[in-house]
There are 2 protein chains.
Amino acid sequence: MGYCQLPTQGGTVLLLRHPHNTEDCRATSEILQRVGDKWTVLVVGKLGHGPLRFNELRAAVGGISQKMLTTTLRGLERDGFVTRTVFPTIPPRVDYELTELGHELLIPVSALGEWARRNTQRVREAREKFDGMHG
Amino acid sequence: MGYCQLPTQGGTVLLLRHPHNTEDCRATSEILQRVGDKWTVLVVGKLGHGPLRFNELRAAVGGISQKMLTTTLRGLERDGFVTRTVFPTIPPRVDYELTELGHELLIPVSALGEWARRNTQRVREAREKFDGMHG
DNA sequence: CAGCATCCCTCACGATACTG
DNA sequence: CAGTATCGTGAGGGATGCTG
């Protein structure tokens, strides 16, 4: 147990084991903190369908403030996950779109999401049991 | 493009696509926030080798305060990722160990870590380019 | 329309001191 | 050894108002 198959660019399949050294754990932790904020995954997920304008994206995500959408998009743009295209019209139009890197990021992130959906029930049960014993 | 193969309990392989609806994105976001704090993945990664005592774990992780290790472990125990075993000796001895659920969580998390290690260079280049243009 | 600037608040996290 | 209790700080995030 404890492996994961991950497709590579060349079409081969990579067999994956747990990171056992500290460096690997740090890299894992860093990317998780990077995408583990409140909005990043929601934004990237919505852009997975195709490019969206600022307010389209805001409506699609739902519940996000204007400030946080701007902040999140700037971060994604800086890291190369998203492109920002300005059309110099009046009123202005700005399109956001996932880069190839952004699409590739979505692959392992989606795998983690799939795991989450499959195991929410087990986590909920563990939580209720714990709270019942300690509450 | 945009798929990921994930092994299941039965030995079959699950073909995975991007989450396209809002519910899936939310579940993904929630688990990412859950494991996206500063220490959770480091602690889980260290426990991947086998059970550890409190101070062994603290030394293995490195840099974590006593308070945060306690907090992180309580959260992991509550969600069913870790078991806590107290030996009523003097001085006391407490062992922490990954549950089956904890080991299973490590699979997609490791996949994301593997992606991170493979793509840090691309992210760094994007960052330098962005900072060069906007700084 | 797509933002920037500002104020404010909560909470994650660290440091320190104490205990069964 | 393995915690609990308390305090202080900074970053993440929301609300509101203004602008090219």
Side-chain angles (χ1 to χ4, degrees), chain A residues 25-26 29-44 46-47 51-79 81-97 130 133-135, chain B residues 25-26 29-44 46-47 51-79 81-97 130 133-135:
Chain A
C25 286
R26 299 262 177 214
S29 181
E30 273 175 36
I31 186 67
L32 279 164
Q33 289 180 65
R34 172 64 187 85
V35 299
D37 67 358
K38 191 167 181 180
W39 298 110
T40 291
V41 169
L42 279 334
V43 169
V44 171
K46 289 306 174 184
L47 288 177
L52 286 174
R53 300 177 61 173
F54 187 86
N55 279 332
E56 288 174 346
L57 189 49
R58 185 172 178 185
V61 171
I64 187 172
S65 70
Q66 184 273 339
K67 173 191 168 183
M68 287 316 297
L69 181 54
T70 301
T71 303
T72 303
L73 284 169
R74 284 299 171 281
L76 288 171
E77 191 192 355
R78 184 169 110 97
D79 287 354
F81 297 130
V82 158
T83 58
R84 178 175 183 267
T85 310
V86 181
F87 300 90
T89 57
I90 298 177
R93 173 201 176 108
V94 181
D95 278 15
Y96 291 94
E97 185 170 15
F130 183 92
M133 287 169 57
H134 298 74
Chain B
C25 287
R26 300 262 177 216
S29 180
E30 273 175 36
I31 185 67
L32 279 164
Q33 290 180 65
R34 172 65 188 83
V35 299
D37 67 358
K38 191 166 182 180
W39 297 110
T40 291
V41 168
L42 280 334
V43 169
V44 171
K46 291 305 174 184
L47 289 176
L52 286 173
R53 301 179 60 172
F54 186 87
N55 279 332
E56 288 174 345
L57 189 49
R58 184 170 179 186
V61 171
I64 187 172
S65 69
Q66 187 271 344
K67 173 191 168 183
M68 286 315 297
L69 182 54
T70 301
T71 303
T72 302
L73 285 169
R74 284 298 173 281
L76 288 170
E77 191 192 356
R78 185 170 111 98
D79 287 354
F81 297 130
V82 157
T83 58
R84 177 174 182 267
T85 309
V86 180
F87 300 89
T89 57
I90 298 177
R93 172 201 177 108
V94 181
D95 277 15
Y96 291 94
E97 186 171 13
F130 183 92
M133 287 169 57
H134 298 75

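All values reported here derive from a predicted model rather than from experimental measurement. Scope of the values below: all heavy atoms of this structure, side chains included, with no hydrogens, waters or symmetry mates.
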**Student:** For A:Met68 and C:dA2, what is the distance between atoms CE and P respectively, to the nearest whole Å?
**Tutor:** 19 Å
**Student:** How close do A:Leu57 and A:Leu52 get, counting heavy atoms only, and between which atoms?
**Tutor:** CD1-CD1, 3.7 Å
**Student:** Whether the side chain of B:Thr83 engages the backbone of B:Glu97 through a donor-acceptor N/O pair (distance < 3.5 Å, no angle test) should be reported.
**Tutor:** yes
**Student:** Atom CG of B:Leu69 and atom C1' of D:dA2: how far apart are they, to the nearest Å?
**Tutor:** 10 Å
**Student:** Establish, with yes or no, whether the OP1 or OP2 oxygen of C:dA2 is under 4.0 angstrom from a side-chain nitrogen or oxygen of A:Arg74.
**Tutor:** no
**Student:** If you go through the side-chain atoms of A:Lys38, does one of them form a donor-acceptor pair with the base of D:dG13 closer than 3.5 Å?
**Tutor:** no
**Student:** Has A:Tyr96 got a side-chain N or O lying under 4.0 Å from the OP1 or OP2 atom of C:dG3?
**Tutor:** yes
**Student:** What is the separation between atom CD on A:Gln33 and atom P on D:dG13, rounded to the nearest whole Å?
**Tutor:** 12 Å
**Student:** Could you tell me how far apart A:Lys67 (NZ) and C:dC1 (P) are, to the nearest whole angstrom?
**Tutor:** 22 Å
**Student:** If I take atom CD in residue B:Gln66 and atom C1' in nucleotide C:dG14, what distance separates them, rounded to the nearest angstrom?
**Tutor:** 12 Å
**Student:** Reckon A:Arg58 touches a base, only the sugar-phosphate, or nothing at all at heavy-atom distances under 4.0 Å?
**Tutor:** nothing
**Student:** Considering only C:dG3, D:dG14, D:dA2, which nucleotide approaches the side chain of B:Arg84 most closely?
**Tutor:** D:dA2
**Student:** If only atom types and distance count, is the side chain of B:Ser29 paired as donor or acceptor with the main-chain N or O of B:Cys25 below 3.5 Å?
**Tutor:** no
**Student:** Looking only at side-chain N and O atoms, does B:Arg53 come under 4.0 Å of OP1 or OP2 in D:dC1?
**Tutor:** no
**Student:** Would you mind telling me which of D:dG13, D:dA2, C:dC1 lies closest to the side-chain atoms of B:Phe54?
**Tutor:** D:dA2
**Student:** Need one value for B:Phe87: base, sugar-phosphate or nothing, where a base atom within 4.0 Å counts as base even if backbone is also close, heavy atoms only.
**Tutor:** nothing
**Student:** Quickly work out the A:Leu57 CG to C:dG3 C1' distance and round it to whole Å.
**Tutor:** 14 Å
**Student:** State whether the side chain of B:Arg58 and the backbone N or O of B:Ile64 hold a donor-acceptor pair below 3.5 Å, judged by distance alone.
**Tutor:** yes
**Student:** Give the rounded distance in Å between these two atoms: CZ of A:Arg34 and P of D:dG12.
**Tutor:** 11 Å
**Student:** Report yes if some heavy atom in the side chain of B:Thr85 is under 4.5 Å from a heavy atom in the side chain of B:Arg53; otherwise report no.
**Tutor:** no
**Student:** For B:Asp37 and C:dC13, give me the distance from atom CG to atom P, rounded to whole Å.
**Tutor:** 5 Å
